[in-house]
Protein chains: 2
Amino acid sequence: MVQYSKKIQAVPEPTIRRMPSYLAFAEGLLRKGQQFVSSTQIANYMNIDPTQVTKDLSYTTIVGKTRVGYEVKAIVDVLSEFLGFSVMDNAFLVGAGSLGSALLHDSGLNHFGLKIEAAFDINPSTIGRKINDVEVFHIDQFRDLAQELNVIMGIITVPAENAQTVADLMVAWGIKAIWNFTPARIKVPEDIIVQNTTLYSNLAIIFNKLHQERREE
Amino acid sequence: MVQYSKKIQAVPEPTIRRMPSYLAFAEGLLRKGQQFVSSTQIANYMNIDPTQVTKDLSYTTIVGKTRVGYEVKAIVDVLSEFLGFSVMDNAFLVGAGSLGSALLHDSGLNHFGLKIEAAFDINPSTIGRKINDVEVFHIDQFRDLAQELNVIMGIITVPAENAQTVADLMVAWGIKAIWNFTPARIKVPEDIIVQNTTLYSNLAIIFNKLHQERREE
DNA sequence: AATCAATAAAGAAATTTTTCTTTAATAAAA
DNA sequence: TTTTATTAAAGAAAAATTTCTTTATTGATT
């Protein structure tokens, strides 16, 4: 923990975005038994510049060895610690529809430090069911379970028009961060962290590149 | 179409990322019957700078009126055209697990111009089933269906370790763009467009902000 | 009719992020 | 042992993106 004290200077968001991929790659190498990996190798895998990799890793305590590269195990250990993946944080998920269920089924979240403690919905047919061992409650229930279970994150996977209502509930619950999967933008107090994850942005990027190609033809 | 000929200068990716949210917001206003919207309003909704909004919209043919703002209908029309959401593109999805099913159930993709024509898997229990009216085939079947159905996009929702194999198949199918939902990075010929969409990047950003707060306390 | 206030638009400046360049280290090869 | 090639690291430069500033327009107010 002490080692972070000098790193109050924020790490660039693009760097944070790339790090989980470095981690996933290193974990794969570790399984294969590879002991060292160079920035060139990582860069080749990621299709980016090697200096980008060294810059990114320089924000952590990882140091490489000239002519050898980085120790794979160090990347795995330091990066999962650095990204907050090695401490389990608890979350509530609201909206146990198709996307909600997919998240509940995703073991990757568990692996990366997020435990979904309970799910909530208003649909009577899903309430009471268990999805991948996580129980689905009616949204009116267990309002104050959040503090009791030390739940710090709320995941919103309801239809866009209900996003704000759910967000308000979560804030009232005392949640610290909201992961919003709807295209709607929510208004919350300043100290609440909001991360919007909208699939359609990615779709737009693909279409843009496709059409750019068409235009150039 | 002619109006795009001068816009070969690439639109910044961050701009493209924000545009679907502008569109979603404008669609909401249109339903409510609002005729004009100012950059300030949009910016307030998005929690960004108003000049950012005007810059972003200036990449399109949309023009605003001083002291009035932008015509909501124009934003909806021009932006969906601009983002490629008004023309239907066809896709194949490989990996009909939980995330795959979630995408198949998502009507938003249809709304934003993507039609998933068929799904593929290797799990005998899902093959032959229909998920939200999309049939699931064994991956060995219909290799050349892609060209027949004019499928230009492949969606990868298999486990990370199989991503490359599936990508190779898709390239062989003659697909132009790949939407990769696994944390694995795939290698494809240069002319194939790849869009990686990994949830864990978003998780990392949330954790980073949470821990930054803790560090500052 | 004159003034005021809100706005889009264009360009400049500042900031952030990526890429390039240089240096030093060191394992491998000669 | 000496040379060579590969690499990390640090800093500089370049590029991309965001924010700030100015200007012009125009609806609303006085």
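Order of the sequence lines fixes the chain letters, A, B, ..., with proteins taken first and strands second; residue numbering starts at 1 for each chain.
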The side-chain contact (heavy atoms from CB on, under 4.5 Å) partners of Pro183(B) (sequence neighbours excluded) come to Ala24(A), Ala160(B), Thr198(B), Tyr200(B)
Using a 4.0 Å heavy-atom cut-off, write out nucleotides 5-12 of chain C from 5' to 3' as B (base contacted by protein), S (sugar-phosphate only) or - (no contact).
BBBSS-BB
Gln52(B) side chain N/O closer than 4.0 Å to the phosphate oxygens (OP1, OP2) of dT19(D)?
yes
Check the distance between dT19(D)'s P and Asp56(B)'s CG and give it to me in whole angstrom.
11 Å
Among residues at least two apart in sequence or on other chains, which ones pass salt bridge (Lys or Arg N to Asp or Glu O under 4.0 Å) with Glu117(A)?
Lys115(A)
Which residues within residues 12-24 of chain A lie with some heavy atom under 4.0 Å of an atom in DNA chain D?
none
Kindly write out the residues that satisfy side-chain contact (heavy atoms from CB on, under 4.5 Å) with Ala118(A), not counting sequence neighbours, or none if the list is empty.
Phe92(A), Phe120(A), Phe137(A)
To the nearest Å, give me how far apart OH (Tyr59(A)) and C1' (dA8(D)) are.
16 Å
Can you check the Phe36(A) CZ to dT26(C) P distance for me, whole Å?
13 Å
Qualifying residues under salt bridge (Lys or Arg N to Asp or Glu O under 4.0 Å), relative to Lys187(B), sequence neighbours excluded:
none
Using whole Å, report how far CD1 of Ile48(B) lies from C1' of dC20(D).
15 Å
Round to the nearest Å and state the distance from Ile42(A) atom CD1 to dT7(D) atom P.
12 Å
Applying salt bridge (charged side-chain N to carboxylate O under 4.0 Å, His left out), which residue pairs with at least one partner in residues 69-78 of chain A are found, sequence neighbours left out?
Lys73(A)-Asp77(A)
Sequence neighbours left out, what passes salt bridge (Lys or Arg N to Asp or Glu O under 4.0 Å) with Arg17(B)? Give chain and number order.
Glu13(B)
Tell me yes or no: between the side chains of Asn180(A) and Asn196(A), is some donor less than 3.5 Å from an acceptor?
yes
I need the full list of salt bridge (charged side-chain N to carboxylate O under 4.0 Å, His left out) pairs touching residues 35-60 of chain B, with sequence neighbours left out, sorted by first then second residue.
Arg18(B)-Asp56(B)
